[in-house]
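Structure first, then comments.
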Amino acid sequence: MYGILIGTPAKGGHRGINMKKLLVNHKKYGFGDFLRIPFTVCPVYAGIKTLNQVLVSVLPSLQVLATAAFIDTALDIFAGKAGQSAITAPLLCLIAIVAYNNLNWQLMSYINLKMAMRLEFAYRTGIVEKRAALEYRHVEDNDTWELINRVCSDPVGKLTGGFDNILGAANIVLRVGSLLVILMAQVWWAGLAIVAISIPLFRLAIKGGHQIYEENKEAEKHRRRADYLKSVLQGRENVEERTLFGYTEKVNRQWLEKYEAARKITVGVTARYFIRLKASSLITVLLSLLIISVLLFPLTRGLITPGMFMGLITSTLNLIQMMSWELSDTMNKIAQNLEYCKDLTAFCALSETPGALDLPGAGIPFESLEFRQVSFRYPGTERDILKDFSLRLERGRHYAFVGINGAGKTTLTKLLTGLYDNYEGEILLNDRELRTYSQADLKAFFSVVYQDFARYQISLEDNIALGNVLQKDQTKIREAAEAMGLGQTIAGLPRGMETPLGKIKEQGVDLSGGQWQRLVIARALYNPAAVQILDEPTAALDPVAESGIYEIFGKISAGKSTIFITHRLGAARLADEIIVVDGGKVAEQGNHECLLSQKGIYASMYEAQRSWYQ
């Protein structure tokens, strides 16, 4: 964890970065990428799997010939035409084939595991980094979010599945080809008839694969909502409210509705494909019976041996199995793989925020922050969240932004931190337009604690250390924790600062809501950013407790530049200056006493909340 926190690259890290860019970039992905990526990341393991598929593909034909030789040799021995030693060679061949088939899955399980580990590092992390670099608007757009979920859900599984499907298709083609050669050597028209009947089955399989993928895209929308409701019904964090409000039965009905919608779509398309495929395969089954009947004629005439007759029957039945089900099923999956390639192409084409993955840069002294006639609306909407917003903030002062929900307070933090840059007007940081700063610079300028802060299930020490990924200083981490009143909490933990939080690890401990809020603010204190922003991180606390935490934070951040965003005014009165945001503009501005004397929006809000703090 320490190496991760301070951003130390692993051995071979530069090669890893270049590899990820090679695998996940803006290009049109196609069928060949299911081969290209595994052979690029782990050529040895991919080569072993490919060679194994070639060997496995010729085994059925070898088994047919070995079986025929074994039966014919056995009959000759019983008839006194050959000695017992003659059966040794075909017997050993059959034993070797059976042994390889039985041991092969163990070898391939190991190879598959090693391949998955390599691909997890190179391909999955490439996908994750691409996702992390996306412009924030893609995360808030429902359509692109559905696309992101489809691509990022088990990307290694989809990649290895496509690789295996290609090898499986090649395996079946080789097996079919070798068996057809044996069959056509005896009954030339039989192989041609099987191929002719199988062509429409392949087309049906490919069409079914496209349909299944498209239907699953629709089903996934219902499935995602069902999964959320399932987490509400089963999650530990909701157990108190489930018990208190007794909403389990109602939410369960909603979950069942979404689950059934997804299930019906999936079952419906799969059933339709299965019925069409198996109805078509009946023709192939009838053909196999006809071929077997025809083979009886040369057998009775002595044109083929009993062993060859048994081998041909085996090969015919194997062909039917492969052509009517295995190959069709593989082609169906390949069609789904191709649909995934389309999604992957669209995902990689999504625009990125330049420098989004860069670590914070060197600290730049903060002097001033000014909004000049800033207007902003979220992409795809018609309402301005900010309209001609103008304001100047100076170094070393505490500011509080207040207003009703939806007034645009949190939107200001999204603009300042570079999540959106499509605003009108100017935002000047140290008299320089904000959009000219790099992401690394913005990360060094601002430390933000949001209302929906993250609760990482790692040690308490590492939770705070995430505030500064460039350096881990245990002394400063403890000082930040002590400053936010976490000393007694740490003393009561079984392993102190090294105690894992949450229930994932053994000896993990859950913190209370108030303790978590103190911890995340300690994380902000540990961050050396010039401007610290608290965006209602204590909204879950009662107003008096919230004011207490803000008061502590205000004292220990004396001399620094801070911004409190809140709709509760007990904390706001601690600020040097209060900015009332209303209708996307600065409606009022001043300190607590000044705004009360104006008897405007702030005074009305404070009077409505006065009883909370008495």
Side-chain angles (χ1 to χ4, degrees), residues 44-45 47-112 167-195 284-285 287-327:
V44 174
Y45 297 126
I48 292 174
K49 286 195 67 170
T50 303
L51 178 60
N52 177 71
Q53 287 290 352
V54 173
L55 293 175
V56 170
S57 65
V58 299
L59 286 183
S61 297
L62 295 177
Q63 189 167 2
V64 167
L65 297 176
T67 301
F70 178 82
I71 294 175
D72 289 338
T73 302
L75 292 175
D76 287 343
I77 292 173
F78 283 117
K81 298 178 181 180
Q84 294 185 358
S85 60
I87 205 169
T88 302
L91 179 60
L92 290 177
C93 185
L94 285 174
I95 292 175
I97 292 173
V98 173
Y100 187 84
N101 283 330
N102 289 334
L103 296 176
N104 178 57
W105 72 270
Q106 295 178 335
L107 172 63
M108 287 302 103
S109 295
Y110 173 78
I111 296 299
N112 288 334
L167 294 186
N171 173 287
I172 293 174
V173 169
L174 290 175
R175 288 161 61 193
V176 167
S178 59
L179 290 175
L180 282 175
V181 169
I182 297 174
L183 179 61
M184 293 175 67
Q186 305 299 324
V187 186
W188 65 268
W189 57 266
L192 295 178
I194 291 177
V195 173
T284 314
V285 173
L287 177 62
S288 66
L289 295 177
L290 175 62
I291 293 172
I292 293 172
S293 299
V294 170
L295 288 175
L296 290 173
F297 178 78
L299 174 65
T300 57
R301 298 295 188 205
L303 300 176
I304 60 175
T305 65
M308 180 57 70
F309 176 76
M310 294 299 298
L312 289 174
I313 290 177
T314 301
S315 66
T316 300
L317 294 177
N318 284 338
L319 279 172
I320 297 303
Q321 173 69 16
M322 286 185 286
M323 302 293 274
S324 66
W325 183 247
E326 286 186 45
L327 187 54

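Everything quoted here is computed from the prediction, not taken from an experiment. FYI, side chains are in, hydrogens and waters are out, and symmetry mates aren't considered; it's all heavy atoms of this structure.
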Can you pull the side-chain hydrogen bond (donor to acceptor under 3.5 Å, both in side chains) pairs that have at least one residue in residues 69-95, sequence neighbours excluded?
Asp72-Thr305

Mind checking the OG1-CD1 spacing from Thr67 to Ile71? Nearest 0.5 Å is all I need.
6.5 Å

Rounded to the nearest 0.5 angstrom, the CD1-NZ distance for Ile111 and Lys49 is 9.0 Å

Scanning both residues in full, the closest heavy-atom pair of Ala66 with Pro90 reads O-CB, 4.0 Å

Within this structure, what is the CG-CD1 distance for the pair Asn112 and Ile48, rounded to the nearest 0.5 Å?
11.0 Å

Any chance you could measure Leu92, atom CG, to Ile97, atom CD1, to the nearest 0.5 Å?
11.0 Å

The criterion is side chain to side chain contact (heavy atoms under 4.5 Å, CB included); which residues satisfy it with Ile95, sequence neighbours excluded?
Leu91

Answer yes or no: is there a donor N or O on one side and an acceptor on the other, between the side chain of Asn102 and the main chain of Val98, under 3.5 Å?
yes

Rounded to the nearest 0.5 Å, what separation is found between the CZ atom of Phe70 and the CD1 atom of Ile87?
4.0 Å

The criterion is side chain to side chain contact (heavy atoms under 4.5 Å, CB included); which residues satisfy it with Tyr100, sequence neighbours excluded?
Asn52, Leu55, Val56, Leu59, Asn104

